[in-house]
Amino acid sequence: MEKRQQWGSKLGFLLAAVGSAVGLGNFWKFPYVMGQGGGALFLIIYLLCIILVGVPVLVAELMIGKRNQKNAVASLKSEFPERPFFIGGWLGFITAFLILSFYTVIAGWCMYYTIASLTGKLAFASQSQSVDHFLSFTTGNYLPLVFLILFIVLNVGVLLGGVKEGIEKAAKILMPILVAIVFLLIIRALTLGDGVKEGLAFMFKPDFSAITPNLVLTALGLAFFKLSLGMGTMITYGSYLKPESNVVKSSFQIAFFDTLIAVLAGLAIFPTVFAMGFDVSSGPSLAFITIPALLNQLPFGQVFGVLFFFALTVAALTSSISIYEVIIAFLSEEFKKSRKYVIIVSSVIITVLGILVSVSFTDVIPGVQYDLLDSLDLLTSVFFMPLGGLIIVLGAGWALKRSTFLDELGNNIFNKILYVFVVMAPFIISFIFVLGVVDFLSKY
Ligand code: TRP
């Protein structure tokens with residue numbers, strides 16, 4: 001058997017893990033969810049979810065991977081030999097396919113939008129033209145599929161290189177580019193004058209009356225999605241760590257940089273949206289309809305359009321490879337096949353799923369036009385991921401002894417407190433989950 005792979009350096013791992021966390025979630029999902037959730041209040045709830053639940057779960061996942069040096073399912077099996085927590089790994093394996101099936105579609109849109117802004121195709125005179133363009137593109141028969149497949153090919157290219165020469169190298173090149181672009185976008189946004197104040201107030205002045213259980217559930221789901229939790233990604237990435245790595249420190253760094261980039265993405269978007277008098281709560285189309293329409297009214301809008309969508313593509317790539325890796329690690333280790341073989345087989349499946357999602361926007365099948373993307377997104381982020389996370393944390397919080405946790409991470413007051421949160425996490429997740437479901441059902 002091939003020798004198991006490892007990260008080449010601490011920085012390499014950090015960039016790869018931050019690359020996994022920073023994704024479409026930051027640029028596409030976070031701003032619109034925050035826009036619909038009332039801005040600052042949502043941000044506060046989100047931060048609480050990240051610190052109280054997200055970081056403890058992240059520590060638990062990385063630690064389980066690092067201790068066992070195996071794919072997610074096998075790590076959970078060998079960590080808890082007599083208990084069924086590996087089901088969380090199985091669930092993650094399925095979730096990985098479900099997420100990739102829509103994630104790759106949106107990433108394909110980002111690629112198309114990068115090229116379309118480069119070639120001046122996004123020069124809209126009005127918002128309604130932007131809507132028309134988006135609809136005619138996404139319901140088109142072949143263009144979205146071409147970019148979907150291109151994006152999957154990019155993933156395959158990186159993954160074939162392996163953990164160190166593929167994933168880590170890609171992160172080392174792409175993450176600095178991403179950060180540089182985000183800063184350019186913010187400078188643009190904050191020098192607009194008019195709407196800047198409103199945009200900042202929207203982001204940082206909370207309206208506490210708007211709180212609902214569902215908002216909390218959404219924030220928790222987003223926190224899981226953002227930190228790549230609940231589906232074995234971080235167990236898998238943790239499994240390539242050397243024994244001496246400090247997973248507590250890494251977890252805080254990952255959560256910090258991810259949240260920072262989400263807030264910075266908000267800073268790049270909201271002031272501009274307000275300045276140009278657009279609607280902040282426009283939903284998933286914020287990135288693809290509002291942003292292109294608004295960039296057209298700015299000096300150098302085209303340049304910023306290219307940068308914005310290129311940043312999205314880059315962010316999506318470093319994330320999707322981390323979801324892919326869950327599948328690759330599991331299949332190659334369990335079935336003793338080469339990486340190359342399982343990469344090709346799983347890519348065929350992902351391509352088929354992606355095509356299904358993409359085609360669901362069109363009327364290729366007469367009479368059936370159904371937003372599969374939205375359903376899959378909802379299903380995975382409020383159901384599969386918290387459930388997978390719950391099972392994993394039940395293992396980490398209950399089956400894993402306090403002494404093991406402290407032996408592994410260091411016996412100090414900080415880790416003792418952290419352990420309390422790991423133990424509490426299943427309660428918090430279940431509680432919010434039940435509240436959210438009740439709130440959801442009471443609307444019908
Ligand atoms: N965190 C990524 C984002 O914000 C998405 C992602 C990558 C992910 N790996 C994951 C989500 C694993 C859930 C599980 O876009």
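Hydrogens, waters and symmetry mates play no part in the numbers below; they use all other heavy atoms, side chains included.
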- [ ] Test S228 against S20 for side chain to side chain donor-acceptor pair (under 3.5 Å), laying out the working first.
- [x] CA-CA 7 Å; S228 308; S20 167; 2.8 Å; yes
Task: Side-chain touch L41/D207, heavy atoms, less than 4.5 angstrom - done: no
Task: Residue F204 excluded, over 12 heavy atoms near CZ under 6.0 Å - done: yes
Open item on the list: Can you see whether S322 engages T233 through a side-chain donor-acceptor pair at a distance of less than 3.5 angstrom?
Closed with: no
Open item on the list: F384 vs M231, test: side-chain contact (heavy atoms from CB on, under 4.5 Å). Steps then yes/no.
Closed with: CA-CA 8 Å; F384 272 87; M231 54 159 281; over 6 Å; no
- [ ] Answer yes or no: is there a side-chain heavy-atom contact under 4.5 Å between I350 and Y324?
- [x] yes
Open item on the list: What I'd like to find out is whether the side chain of K172 reaches to under 4.5 Å of the side chain of S9, using heavy atoms alone.
Closed with: yes
Task: Within 6.0 angstrom of K416 NZ, more than 12 heavy atoms from elsewhere - done: yes
TODO: Starting from the C-alpha separation in whole Å, work towards a yes-or-no answer on side-chain contact (heavy atoms from CB on, under 4.5 Å) for L264 and I186.
DONE: CA-CA 7 Å; L264 292 181; I186 292 176; 3.5 Å; yes
TODO: For residues S130 and F288, report the shortest heavy-atom separation together with the two atoms involved.
DONE: OG-O, 4.1 Å
Task: Test of ring centre spacing under 6.0 Å for F414 and F252 - done: yes
TODO: Report yes or no: is the cationic atom of K10 (NZ for Lys, CZ for Arg) closer than 6.0 Å to the six-membered ring centre of F13, at no more than 45° off its axis?
DONE: no
Open item on the list: Quick check: closest heavy atoms across I343 and S347, and the distance to 0.1 Å?
Closed with: O-OG, 2.6 Å
Task: Backbone N/O of Y419 and side chain of R402: donor-acceptor pair under 3.5 Å - done: no
Open item on the list: Out of the candidates F102, W109, F137, F134, only one should pair with F361 under the ring pair (Phe, Tyr, Trp, His ring centres under 6.0 Å) rule; please name it.
Closed with: W109
- [ ] Answer yes or no: is there an ion pair linking K70 with E334, defined by an N-O contact shorter than 4.0 Å?
- [x] no
TODO: Taking the side chain as every heavy atom from C-beta outward, state whether E408 and K66 have any atom pair closer than 4.5 Å.
DONE: yes
Task: Atom of S358, atom of P144 and distance for their closest heavy-atom approach - done: OG-CB, 3.6 Å
Open item on the list: Between S346 (side chain only) and V342 (backbone N and O only), is there a donor and an acceptor less than 3.5 Å apart?
Closed with: yes
Open item on the list: For a quick check under 3.5 Å, do Y46 and T259 share a side-chain donor-acceptor pair by atom type?
Closed with: no
Open item on the list: Which residue in the set I87, N68, I235 passes side chain to side chain contact (heavy atoms under 4.5 Å, CB included) when paired with L76?
Closed with: I235
Task: Check: V248 and M63 side chains under 4.5 Å, non-hydrogen atoms - done: no
TODO: Decide whether R67 and S75 meet the rule of one side-chain donor and one side-chain acceptor closer than 3.5 Å.
DONE: no
TODO: Could you please spell out the steps behind the side-chain contact (heavy atoms from CB on, under 4.5 Å) verdict for I429 and L387?
DONE: CA-CA 9 Å; I429 298 172; L387 194 64; over 6 Å; no
- [ ] Could you check if a side-chain atom of Y240 sits within less than 4.5 angstrom of a side-chain atom of E325, using non-hydrogen atoms only?
- [x] yes
- [ ] Run the ring-centre check on F151 versus F147 and record whether the distance is less than 6.0 Å.
- [x] no
Task: Salt-bridge present (K169, E165; N to O < 4.0 Å) - done: yes
Task: W398/F427 aromatic ring centres below 6.0 Å - done: yes
Open item on the list: Before you tell me yes or no, could you show the steps for L24 and S319 under side-chain contact (heavy atoms from CB on, under 4.5 Å), namely the whole-Å CA-CA distance, both residues' side-chain angles and the distance that decides it to 0.1 Å?
Closed with: CA-CA 8 Å; L24 289 173; S319 294; over 6 Å; no
TODO: Would you give the length of the straight line joining atom CG of L58 to atom CD1 of I254, rounded to the nearest 0.5 angstrom?
DONE: 5.0 Å
Open item on the list: Any carboxylate oxygen within less than 4.0 angstrom of a Lys/Arg side-chain nitrogen, looking at K401 and D407?
Closed with: no
- [ ] Calculate, to the nearest 0.5 Å, the distance between atoms CD1 and CG belonging to I50 and D258 respectively.
- [x] 6.0 Å
Open item on the list: Tell me whether the NZ or CZ atom of K226 lies within the 45° cone about the ring axis of F30 and under 6.0 Å from its centre.
Closed with: no
Task: L52 to P56 - nearest heavy-atom pair and separation - done: O-CG, 3.3 Å
Open item on the list: In the structure I gave you, are the side-chain heavy atoms of V345 and L331 within less than 4.5 Å of one another anywhere?
Closed with: no
Task: Check against ring pair (Phe, Tyr, Trp, His ring centres under 6.0 Å), W90 and F330 - done: CA-CA 10 Å; W90 273 107; F330 174 73; 5.2 Å; yes
Open item on the list: I'd like to know if the side chain of Q5 and the backbone of V163 have a donor-acceptor N/O pair within less than 3.5 Å.
Closed with: yes
